[in-house]
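Data first, discussion second: the structure below is written as structure tokens.
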Amino acid sequence: MGSPRVEIYFLDVEGVRWRVHDVDYRTPGKPRVSQPPEARSTYRAFVPRSGAARVYRFLPGEPRHLTTDHLARQLAGSEYLGADPFDPTSRTPL
């Protein structure tokens, strides 16, 4: 039996539900995906149930707060990852 996990979701103004992951790409080829908020993360990934995931790059020193205002701003400032769907079982955003 595995240990319990907390999953973070954000519901945007259009009613789309996004799962939120914090990602650290500082080690080339080995992204580290963690439960937000993670102070060492360099990106925040927003993953919908269907469709393309989006990523937001944190500015240096930017807080990683999980408020609706912060998440809405980060989602609005995010970019699409690409055509491939996010695979949460691999826990990597690519």
### Task
Please report the shortest heavy-atom distance between Pro63 and Phe58, naming the atom on each side.
O-CE2, 4.1 Å
### Task
Check whether any side-chain heavy atom of Tyr9 lies under 4.5 Å from a side-chain heavy atom of Val20, and answer yes or no.
no
#### Entry: Hphob cluster co-occupancy, Val33 + Val6, side-chain heavy atoms under 4.5 angstrom
no
#### Entry: For Glu79, salt bridge (Lys or Arg N to Asp or Glu O under 4.0 Å) partners two or more places apart
none
### Message
List the residues meeting salt bridge (Lys or Arg N to Asp or Glu O under 4.0 Å) with Asp24, not counting sequence neighbours, and say none if there are none.
### Response
Arg26
### Query
Can Arg44 and Glu62 be counted as an ion pair, charged N to O under 4.0 angstrom?
no
### Query
To the nearest 0.5 Å, how far apart are CZ in Phe46 and CZ in Arg19?
13.5 Å
### Message
To check you understand the geometry: which heavy-atom pair defines the closest contact between Tyr80 and Ala52, and what is its length?
### Response
CD2-CB, 3.7 Å
### Message
Rounded to the nearest 0.5 Å, what separates atom NE2 in His65 from atom CD in Gln74?
### Response
10.0 Å
### Query
Heavy-atom count around Arg57 CZ within 6.0 Å, excluding the residue itself: above 12?
no
## Note on the structure
Of all heavy-atom pairs linking Pro31 and Tyr25, the shortest is CB-CE2, 3.6 Å
### Message
When you group the ILVMFWY residues by side-chain heavy-atom contacts below 4.5 Å and let the links chain together, are Val16 and Leu71 in the same group?
### Response
yes
### Summary
When every non-hydrogen atom of Glu38 is compared with those of Asp22, the smallest separation belongs to N-OD2, 2.9 Å
### Message
Please enumerate all residues that pass salt bridge (Lys or Arg N to Asp or Glu O under 4.0 Å) together with Arg49, with sequence neighbours excluded.
### Response
none
### Message
Tell me the closest heavy-atom pair linking Val55 and Tyr43, and the distance in Å.
### Response
CB-CD2, 4.4 Å
### Query
Minimum heavy-atom separation for Trp18 to Pro48, with atom names?
CZ3-CD, 3.4 Å
#### Entry: Side-chain heavy atoms of Asp12 within contact of Leu75, under 4.5 Å
yes
